[in-house]
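Report on the structure given below.
Note that these values count all heavy atoms, side chains included, but never hydrogens, waters or copies made by symmetry. What you are looking at is a predicted structure, and each value in this text was computed from that prediction instead of being measured.
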Amino acid sequence: MAKKKKEKKKQQQTLSPENLIKSKGRSLPIYECRISEDISECGLGHAVVARQHKGGAISVANYLIDIYCCGVKSSFYEVRLDTFEYNELISTYETKKIFKVPYEVVHNWIYGAIAWANEAGISPHKSFSVTQYMLEEDTEDIPLIEYEFGCNGKHRLCCSSKIEANKYLKMMQKKLTEDEYDIEVPDMSDDYDDSSFSFSPNFVTIPNVKYDYKGIEYPETLDIENPELLEIISKEGREITKEDLKKIDEIPYNSLSNDLHNILLYDIGILRKNLENEDEKMYKIGWQVSNALILMGKYGNPQTNLLDLYEAMRQDEDFFDFVIGDCPDIIIEPTLTLLAKDNLISIKNYLLEPNLWTYFKIEAIITLGIVGTIYASKRDEVLSIAGEILDIYTEAIEENIICDGTIAAFLVSLFIDLQAKEFLPKIKKLYETNLVDETLDGNYSEVETLMNKKSNALYDNLKFDTYERFKEFRKF
């Protein structure tokens with residue numbers, strides 16, 4: 001009998017964090033629950049559910065919830081923290097005050113937000129497939145609390161960028177009419193009103209480019225010179241500290257950039273083969289990739305590591321969702337800006353490659369706009385390259401191989417953001433194909449109007465400092 005008990009205890013200790021949450025989460029007693037103090041006013045906030053193990057350790061799940069529209073936008077979990085580690089985690093919310101509440105308060109906020117999002121065709125973030133097990137089942141046993149979701153009776157989509165807005169709009173427009181939602185995107189003109197757009201009578205929605213990238217020969221083994229680098233970037237992004245970055249600063253530049261190259265290509269190869277598993281090992285690999293991409297902005301070699309970045313941007317939708325998610329302005333845009341600003345032709349070449357995932361290409365277009373906006377001396381070069389791409393896309397859009405309606409619409413946005421009125425005749429020719437996605441900037445008449453309305457504070461919130469980027473990453 002004693003031997004059997006010992007074997008059972010050993011088996012329990014070898015449970016992975018994910019399996020521990022799935023198998024034991026709901027059976028652990030609640031330690032405490034917290035909610036953002038201003039969630040009702042802001043529409044976005046954190047909900048925390050912490051449960052305590054018999055020995056005193058604490059497992060916790062954090063949910064970023066959008067009560068205006070999108071429901072659970074992201075979530076993560078930690079297992080078996082001691083009290084000090086847990087309090088340190090809670091303290092990372094800095095200016096975002098989260099206060100203690102009964103469990104049923106958190107439960108109703110989370111599941112109410114999910115139900116509201118479902119009405120708009122939006123599902124919880126994929127991480128919820130695990131973190132849901134830190135919540136009680138959504139049954140009548142949980143007291144119902146009526147909270148108000150949406151804003152003024154409508155779904156209100158609040159996004160940090162056009163790319164995020166476009167991602168959700170396509171889901172919402174299948175479920176909601178134009179008068180059932182509003183949209184707010186800071187990098188658009190203050191006069192932006194999605195409901196005011198009128199589509200061209202011959203406008204045709206075409207699917208995204210069919211993805212068909214075969215990959216390269218990725219390394220089968222990981223060869224690095226600085227194991228301390230791998231140890232640091234294996235952390236979740238929100239755990240990387242200034243002290244970690246100081247350690248990285250001490251690594252010789254060539255050795256560091258070469259290690260980032262080897263780690264990234266090795267990890268991409270692993271994810272291409274095993275991403276469907278989404279187990280603990282894959283999550284660790286995912287953190288390594290996203291952290292390496294951020295670090296390349298400061299420590300990357302503009303020749304070799306820029307090619308590595310493009311290789312990451314040749315991956316598919318699942319890779320984008322797993323590694324980048326809602327953080328392209330943290331992970332991709334600053335790094336691509338810093339590595340490619342003196343080699344803009346490389347962005348053009350990437351944008352002309354066939355059968356790549358639409359939203360990675362959009363990131364390249366956004367980066368061109370960033371360079372043309374924040375580096376005044378680069379504006380003419382950016383517009384020259386964008387104009388060449390515009391001509392090629394106009395001829396190629398019907399084939400749906402190197403561009404689609406969404407990619408074309410974001411290219412139009414670049415000209416709007418740079419107030420490049422001289423390109424209106426070429427833009428009109430693109431619109432005459434009736435294949436440009438008009439959910440972004442409207443029809444051609446709307447584009448003409450937007451071209452005369454200066455966009456405010458474009459890219460003011462974009463972070464280029466490495467630590468500041470990791471600090472932003474902690475919010476997700």
Review point. Does some side-chain heavy atom of Ile330 sit less than 4.5 Å from a side-chain heavy atom of Lys463?
Key: no
Exercise for review: Say whether, by atom type as modelled, one donor and one acceptor occur between the side chain of Tyr31 and the main chain of Val60 under 3.5 angstrom.
Suggested key: no
Point to revise | Identified side chain to side chain donor-acceptor pair (under 3.5 Å) counterpart of Tyr181 within the set His155, Arg156, Gln173, Lys154 | key: Gln173
**Study point:** Exceeds 12 heavy-atom contacts within 6.0 angstrom, atom CD of Glu243
**Key:** yes
Check your understanding: Checking Ser27 side chain against Lys24 main chain: does a donor-acceptor pair fall under 3.5 Å?
Key -> yes
Review point. So, Ser36 versus Asp38: side-chain donor-acceptor pair below 3.5 Å or not?
Key: no
Exercise for review: Applying side-chain contact (heavy atoms from CB on, under 4.5 Å), run through Ser127 and Phe76 and close with a yes or a no.
Suggested key: CA-CA 7 Å; Ser127 59; Phe76 67 86; over 6 Å; no
Review point. Yes or no on side-chain contact (heavy atoms from CB on, under 4.5 Å) for Ile224 and Leu229, after CA distance, side-chain angles and deciding distance?
Key: CA-CA 9 Å; Ile224 58 172; Leu229 172 65; 6.0 Å; no
Practice item. State whether Tyr467 and Lys242 meet the cation-pi test: NZ (Lys) or CZ (Arg) under 6.0 Å from the six-membered ring centroid, and within 45° of the perpendicular axis. Key: yes
Exercise for review: Could you tell me which non-hydrogen atom of Ala364 sits nearest to which non-hydrogen atom of Leu336, and how far apart they are?
Suggested key: CA-CD2, 4.0 Å
**Study point:** Flag for His261-Asn305: side-chain donor and acceptor within less than 3.5 Å
**Key:** no
Check your understanding: Between Trp357 (side chain) and Phe320 (backbone), is there a donor-acceptor pair under 3.5 Å?
Key -> no
Review point. Do Thr131 side-chain atoms and Ser75 backbone N/O form a donor-acceptor pair below 3.5 Å?
Key: no
**Study point:** salt_bridge(Lys247, Asp249) N-O dist < 4.0 Å
**Key:** no
Check your understanding: If you draw a 6.0 Å radius around CZ in Phe84, do more than 12 non-hydrogen atoms from other residues or ligands fall strictly inside?
Key -> no
Review point. Do Tyr283 and Glu18 get their side chains close enough for a donor-acceptor pair, meaning under 3.5 Å?
Key: no
Review point. Any sub-3.5 Å donor-acceptor pair from Lys361's side-chain atoms to Leu351's backbone N or O?
Key: yes
Point to revise | Donor-acceptor under 3.5 Å (Tyr310 side chain, Ile347 main chain) | key: yes
Check your understanding: Of the non-hydrogen atoms in Phe360 and Gln315, which two are nearest, and what is the gap between them?
Key -> CD1-O, 3.5 Å
**Study point:** Ile67 side chain near Leu44 side chain, heavy-atom distance below 4.5 Å
**Key:** no
Practice item. Please check if the side chain of Glu180 supplies one atom and the backbone of Thr177 the other of a donor-acceptor pair under 3.5 Å. Key: yes
Check your understanding: Any side-chain donor paired with an acceptor under 3.5 Å for Thr241 and Asp244?
Key -> yes
Check your understanding: Please walk me through it: do Tyr77 and Tyr133 pass ring pair (Phe, Tyr, Trp, His ring centres under 6.0 Å)?
Key -> CA-CA 10 Å; Tyr77 59 86; Tyr133 293 99; over 10 Å; no
Point to revise | Close side-chain approach of Cys69 and Ile122, heavy atoms under 4.5 Å | key: yes
**Study point:** Nearest-0.5 Å distance that lies between atom CD1 in Ile58 and atom CG in Asp82
**Key:** 8.0 Å
Exercise for review: Taking atom CD of Glu217 as the centre, report whether more than 12 heavy atoms of other residues, nucleotides or ligands fall under 6.0 Å from it.
Suggested key: no
Review point. So do the side chains of Phe473 and Ile331 get within less than 4.5 Å of each other, counting heavy atoms only?
Key: yes
Point to revise | Side-chain donor-acceptor contact under 3.5 Å, Tyr266 with Asp223 | key: no
Check your understanding: Where is the tightest heavy-atom contact between Ala120 and Leu176, given as atom of each residue plus distance?
Key -> CB-CD1, 3.7 Å
Point to revise | Intermediate values then yes/no, side-chain contact (heavy atoms from CB on, under 4.5 Å), Ile65 and Ile39 | key: CA-CA 9 Å; Ile65 52 176; Ile39 189 169; 3.6 Å; yes
**Study point:** Side-chain heavy atoms of Lys214 within contact of Asp212, under 4.5 Å
**Key:** yes
**Study point:** Side-chain ion pair, Glu468 and Lys298, N-O less than 4.0 Å
**Key:** no
Check your understanding: Is it true that a side-chain atom of Gln132 and a backbone atom of Ser129 form a donor plus acceptor pair closer than 3.5 Å?
Key -> yes
Exercise for review: Using the test side chain to side chain donor-acceptor pair (under 3.5 Å), find all partners of Asp259 that sit at least two apart in sequence or belong to another chain.
Suggested key: Asn226
Exercise for review: Measure from the side-chain N and O atoms of Tyr211 to the backbone N and O of Arg314, and report whether any donor-acceptor pair falls under 3.5 Å.
Suggested key: yes
**Study point:** Euclidean distance, Ile365 CD1 relative to Asp417 CG, rounded to 0.5 Å
**Key:** 11.5 Å
Point to revise | Least distance between heavy atoms, Leu339 atom then Met296 atom | key: CD2-O, 3.7 Å
Point to revise | Other residues, nucleotides, ligands: >12 heavy atoms within 6.0 Å of Glu85 CD | key: yes
Exercise for review: Verify the neighbour count for atom CD of Glu137: are there more than 12 heavy atoms of other residues, nucleotides or ligands below 6.0 Å?
Suggested key: no
Point to revise | Note, Ser234 side chain near Trp287 side chain (heavy atom, < 4.5 Å) | key: no
Revision key, fill the gap. Minimal heavy-atom distance between Pro124 and Ile114, with the atoms involved, is CG-CG2, 3.9 Å
Review point. Where the side chain of Asp404 meets the backbone of Asn400, is there a donor-acceptor pair that is under 3.5 Å apart?
Key: no
Exercise for review: Could you pull out all residues at least two apart from Lys100 that satisfy side chain to side chain donor-acceptor pair (under 3.5 Å)?
Suggested key: Glu32
Check your understanding: Given side chains that start at C-beta, do those of Tyr63 and Val48 come closer than 4.5 Å, heavy atoms only?
Key -> no
**Study point:** CA sep, side-chain torsions, deciding dist, call: Trp116, Asn118, side-chain contact (heavy atoms from CB on, under 4.5 Å)
**Key:** CA-CA 5 Å; Trp116 179 249; Asn118 282 340; over 6 Å; no
Review point. Can you list the residues that meet the ring pair (Phe, Tyr, Trp, His ring centres under 6.0 Å) rule with Phe149, with sequence neighbours excluded?
Key: Trp109
Review point. Does CD in Glu225 sit with more than 12 non-hydrogen atoms of other residues, nucleotides or ligands closer than 6.0 Å?
Key: yes
**Study point:** Side-chain heavy atoms of Lys281 within contact of Lys284, under 4.5 Å
**Key:** no
**Study point:** Considering all heavy atoms, the nearest Leu293-Ala312 contact
**Key:** CD2-CB, 4.2 Å
